[in-house]
Amino acid sequence: MDEGKMDENEWGYHGEGNKSLVVAHAQRCVVLRFLKFPPNRKKTSEEIFQHLQNIVDFGKNVMKEFLGENYVHCGEVVQLPLEFVKQLCLKIQCERPESRCDKDLDTLSGYALCLPNLARLQTYRFTEHRPILCVEIKPKCGFIPFSSDVTHEMKHKVCRYCMHQHLKVATGKWKQISKYCPLDLYSGNKQRMYFALKSLLQEAQNNLKIFKNGELIYGCKDARSPVADWSELARHLKPFFFPSNGLASGPHCTRAVIRELVRVITRVLLSGSDKGRAGALRLGPGLRGPLVCEASPFSRSLRCQGKNTPERSGLPKGCLLYKTLQVQMLDLLDIEGLYPLYRRVERYLEEFPEERKTLQIDGPYDEAFYQRLLDLSTEDDGTVAFALTKVQQYRVAMTAKDCSIMIALSPCLQDASSDQRPIVPSSRSRFAFSVSVLDLDLKPYESIPHQYKLDGKIVNYYSKTVHAKDAAVMSTRFKDSEDCTLVLHKV
Ligand SMILES: O=P(O)(O)O[C@@H]1[C@@H](OP(=O)(O)O)[C@H](OP(=O)(O)O)[C@H](O)[C@H](OP(=O)(O)O)[C@H]1OP(=O)(O)O
Ligand SMILES: Nc1ncnc2c1ncn2[C@@H]1O[C@H](COP(=O)(O)OP(=O)(O)OP(=O)(O)O)[C@@H](O)[C@H]1O
């Protein structure tokens, strides 16, 4: 990229989260990722450069090690002309969802990250103008805490995502409770994964987006977004899954297309060819909470029928979901066990503020930082060193609980030889695919007190409000007989 010759007209709004905004190049397969800040909290250019460089270093030295070379794209920090950034900011403003406009794009530093556009990632060695379908999933935390420091009994039964849903709906963030449960997606059991993916398609919230040729065709901006339209989605997807087939439109076609999509995504999620330095984290089978969340509609519906939920079939060790889950499980103590250790580090820093650098609280995220993360002991010897290791592991775990997985699918000819590209078949077509992970920014040390408070709020709200009304919720949730018939689908 020639940073000297930047033209805002070549870039378009692509998407944003809470902390960054992404624009994509119209022709080339790259994006620029800018930081966002609340209007009154501007940072210096030097701070922003350091923040972005930390993101790159953390990706290279930590996440690539844990998740594998092929899944992680670190990008590089680029310096852009300020006039270009200002014009770009003006150009895209009208496309930003209102709910995200509480923060402004950083137009003062001129720094951004330049990354491959994972929504258009070429699965072919040579750039070909083939259509690309991309599914982005933010799977969230896939396990129930196993720490003995957990005081709320409910946290041993119901996963954080399912509990949090109720608070989110109560506060108006989303309109309705999703049937998605991360434990189903991470189960490795095809039926449970199928149910999880279909639930994401029903209620995407910020956990699912679908792009066609880099354009968002399915997703939800906020609680005001219109209800998901599966027939419209099927219209987009039909040429991918039924290329030469005269499948008539209508509900039958919609169901067939959605089924194919979910099957292909399940297969891709279970695939794993990445070698990397996998297995750096060996969290033994003792470190596991329950494998089923009591609030998952899938397991509840089976229980209603007097059947047992199929547990984890076990995710294949090379797949990204398995590796992500391992990193999430670096949260060995749960926020309840971690918070007193955070306080210990805080007290130390109050006394010796100059030590913040030595403790690598704000980086550098180098090899030494990575090596310390591998110490999985939970025996507290009362030292600051122990507390610090657990705090850093917690931050890394929280990062893995909030990252997204991008799956890019590109149709290939029936007779094309695979020449090293991974291929996933569907009933009527075949796809070359790539899997990547994004949003791997290390969670800040300062967010720990917020996590502690939020955790209490989520559990208390769920326990008081929802669990008390459990019977009523059960009866409304399962009026829809689809939950039960789903189990009968062959996947
Ligand atoms: O706390 P959670 O689980 O609600 O996660 C936050 C996300 O909310 P979600 O529940 O996924 O809708 C939240 O996503 P949204 O802004 O709601 O799309 C952010 O990802 C936030 O991370 P950060 O503070 O921007 O680094 C996330 O905060 P962290 O907890 O990861 O710091
Ligand atoms: N390299 C990329 N290629 C294509 N799209 C991307 C890329 N990076 C980010 N995006 C898109 O931009 C959106 C916002 O990016 P990202 O999730 O990194 O933002 P964030 O503000 O850090 O998120 P969060 O709200 O979780 O803190 C993503 O959901 C994704 O759709």
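Whatever order the structure lists ligands and atoms in, that order sets their numbers, starting from 1. As the structure is a computational prediction, the values presented were derived from the model and not from experiment.
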Query raised in the report: Less than 4.5 Å apart, any side-chain heavy atom of E136 and any of L438?
Result: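 Contact flag for E136/L438 side chains = yes.
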Just heavy atoms, cut-off under 4.0 Å: does [X] contact ligand 2 by side chain, backbone, both, or neither?
| X | value |
| --- | --- |
| F211 | side chain |
| P116 | backbone |
| L118 | both |
| K36 | neither |

Report summary line: Note: ligand 2 atoms sitting under 4.0 Å from heavy atoms of M406 are 4 (C), 5 (N)
**Report entry** Protein contact of atom 22 (O) of ligand 1 - nearest heavy atom, named by residue and atom, plus distance
**Finding:** K443 NZ, 2.9 Å
Report summary line: atom 29 (O) of ligand 2: closest protein heavy atom, distance to 0.1 Å, is E136 OE2, 2.6 Å
Query raised in the report: Is ligand 1 less than 4.0 angstrom away from at least one heavy atom of K401?
Result: no
Query raised in the report: Looking at ligand 1, does H450 have a heavy atom less than 4.0 Å from it?
Result: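 Checking ligand 1 against H450, which is what was asked, there is no heavy-atom contact under 4.0 Å.
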Option nearest [atom] (shortest heavy-atom distance, choices [options]):
| atom | options | result |
| --- | --- | --- |
| atom 13 (C) of ligand 2 | H14, K103, K209, K443 | K209 |
| atom 25 (O) of ligand 2 | N206, N18, V22 | N18 |
| atom 30 (O) of ligand 1 | Q451, M398, Q205 | Q451 |

Can you find a non-hydrogen atom of [X] under 4.0 Å from ligand 2?
| X | result |
| --- | --- |
| H73 | no |
| A119 | yes |
| K138 | yes |

Query raised in the report: What part of D439, side chain from CB on, backbone N/CA/C/O, both or neither, has a heavy atom under 4.0 Å from ligand 1?
Result: neither
Report task. Check ligand 1 against R100 and write out every atom of the ligand that is under 4.0 Å from a heavy-atom position of the residue. Result ->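 Answer, ordered by atom number: 15 (P), 16 (O), 18 (O).
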